[in-house]
Each structure stands twice: as structure tokens, then as C-alpha cells.
Amino acid sequence: MTVVADLVTALGSGAVRVVDLTNKLSASTPTLRLPEPFANLIDFSLEQVSAYDAPGPFWKHHNIRTGEHIGTHLDAPVHWVTGREGHDVSQIPPQRLVGPAAVMDFSAEAAADPDFLLEIDHVKGWIAAHGELAEGTWLLYRTGWDQYADDQERFLNADETGSHTPGISAACAEWLATNTPISGFGVETVGIDAGNAGGFDPPFPAHFHLLGNDKYGITSLQNLQALPPTGALLVVAPLPIVGGTGSPTRVLALVDGR
């Protein structure tokens with residue numbers, strides 16, 4: 001049998017399970033809210049065109065309206081000024097969208113401090129325990145923040161001083177972007193940066209360093225607790241929008257079913 005045939009057999013028998021890491025997309029999906037004078041994207045909405053009626057007697061269909069960076073979505077390099085000469089969503093090589101998953105669990109730290117930041121030493125400690133990051137790895141940062149994914153206010157966790165959600169330090173973002181072979185960085189929060197990262201140097205360093213070094217971001221992930229630290233295969237499936245800086249994305253993980 002071929003490797004692909006073996007995989008098909010394993011999926012059919014349950015030896016390999018598919019875990020959906022995607023938040024459901026609707027008008028109530030929590031979204032980023034930028035302060036003035038910055039402009040916000042529109043929220044997701046459906047517009048009914050027909051429903052087994054005169055405009056379409058045998059079918060039902062809708063128009064959709066949404067920003068690119070709504071719900072679980074991918075950030076392409078051109079999303080950020082440092083990646084402006086890089087790939088749009090349609091240009092991302094398909095092989096970069098499938099790769100091993102490395103899950104780093106800092107949910108306890110984020111529960112104790114919503115402003116918790118991933119540092120270089122955290123990543124190096126994980127590598128010491130679980131092995132080097134392989135070429136094309138998707139580094140998935142578990143903080144437990146998906147528990148708030150149906151509640152806009154708790155998801156953004158904002159007060160008069162700004163938004164308080166876990167993220168990554170500027171030093172760690174630069175180190176991951178320039179010293180590791182990852183394809184991308186995935187988070188459970190609304191964006192790949194910490195909620196208060198606008199005040200970092202540089203501002204929004206995960207975007208600045210990762211997208212500027214041809215790495216990708218995925219946000220608003222779910223169910224990372226169902227993945228082992230290593231051994232899962234990630235499939236990231238954005239819409240290939242020509243000129244797109246991002247896209248709502250279905251993210252699936254293949255894991256050992258035993």
C-alpha cells in the first residue's frame with residue numbers, strides 16, 4: 001500500500017482522528033476592535049438570496065460579507081508592512097499549509113496572568129523536553145483563551161488601559177522568525193500578538209517579525225487541548241484570495257486515534 005492509502009485506511013478505522021481547531025463563523029463571532037482613528041473590518045454576515053422560493057425554487061444560497069481577518073483566519077505576509085513584498089493568500093505555497101504541529105501549553109500561566117508573554121526561554125525549554133522544531137512546523141500556542149471564544153467582551157478582555165490577552169514578547173517573536181524553520185504561529189486569541197502589543201517595541205512584534213520573515217499566523221484556534229505536544233499533522237485551508245492579506249480559514253489536525 002502507498003503512504004496515502006495507509007492514511008485513508010487509518011482515517012476510516014479511527015486509528016487517525018481529525019480534530020477541528022476552527023471557531024464557528026457567524027455574525028456573533030468575536031472580532032478585533034481597533035480604537036480610533038484606525039478603521040475596523042466589517043463583521044461576518046449572511047444575506048439570503050433564495051430559499052427554495054421564486055428567486056431559486058430548487059435551491060438555497062447566500063451572499064457573504066466579511067473582513068479577511070475575522071474569526072479563525074490566516075495572516076499572509078502582505079498583511080504587514082514588513083511583509084509587503086511577500087506572498088498574498090493565493091500565493092502561499094500549498095506545502096507550507098500542511099505540516100507538523102508543535103503545541104506549547106501555557107494555559108496555567110495565562111490563567112494566572114492574562115498579559116502573560118511567551119519568551120525565548122519558554123520555547124527553548126519546550127525544545128529541550130520535546131525535540132527540535134522540524135522544517136515546516138506550525139507552532140501552536142495554547143493559553144486556554146478559546147474558552148472565551150463565544151463572548152466578545154471576555155475574548156478581548158479590554159479595560160481603560162487596553163486589551164489584556166496573552167501573547168509573545170518582541171524578543172521571542174524575532175527569535176522564532178529568524179532562528180526556527182516554522183511555517184507559522186497559531187494562537188487561540190483574536191490576533192497573533194498580545195492584546196497590549198501596540199505598546200511594544202516594535203509595535204505588534206509577532207506581526208512585524210513573523211510576517212516580515214515569510215512566516216504565517218493563524219488565530220482564534222479551538223481545541224488545542226486535544227492535541228499532543230508533538231505528533232499531530234496540521235492542515236491549514238484559507239481561501240486563495242488573489243491579493244488577499246488574510247482569509248477565514250478551516251484548520252484541521254490529524255492525530256493518533258489510539
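Starting from 1, each residue takes its place in the sequence as its number.
- Here the side chains of Ile218 and His73 are not in contact, with every heavy-atom distance at 4.5 Å or above.
- Between Glu68 and Ser247, the side chains place no donor N or O within less than 3.5 Å of an acceptor N or O (distance only, hydrogens not considered).
- Judged by distance alone, the side chains of Ser183 and Arg96 do bring a donor and an acceptor atom under 3.5 Å apart.
- Between Trp80 and Phe204, the two ring planes are perpendicular [angle over 60°; tilted spans 30° to 60°].
- Here the side chains of Asn23 and Asp146 are not in contact, with every heavy-atom distance at 4.5 Å or above.
- Other residues, nucleotides and ligands contribute over 12 non-hydrogen atoms within 6.0 Å of the CD atom of Gln48.
- You'll find the side chain of His87 reaches within 4.5 Å of the side chain of Asp214, heavy atoms only.
- Looking only at distances, a side-chain donor or acceptor of Thr29 sits under 3.5 Å from a matching main-chain atom of Lys24.
- When every heavy atom of Thr165 is checked against every heavy atom of Asp115, the shortest pair comes out as N-OD1, 4.0 Å.
- In the model, Thr245 has a side-chain atom that pairs as donor or acceptor with a side-chain atom of His69 under 3.5 Å.
- Grouping the Ile, Leu, Val, Met, Phe, Trp and Tyr side chains by contacts below 4.5 angstrom, directly or via other members, places Val235 with Leu7.
- The aromatic ring centroids of Tyr52 and Phe58 lie 6.0 Å or more from each other.
- With a 4.5 Å cut-off on side-chain heavy atoms, Met104 and Leu140 do not count as touching.
- At a threshold of 4.5 Å between side-chain heavy atoms, the hydrophobic network of Ile, Leu, Val, Met, Phe, Trp and Tyr places Leu233 and Val236 in two separate groups.
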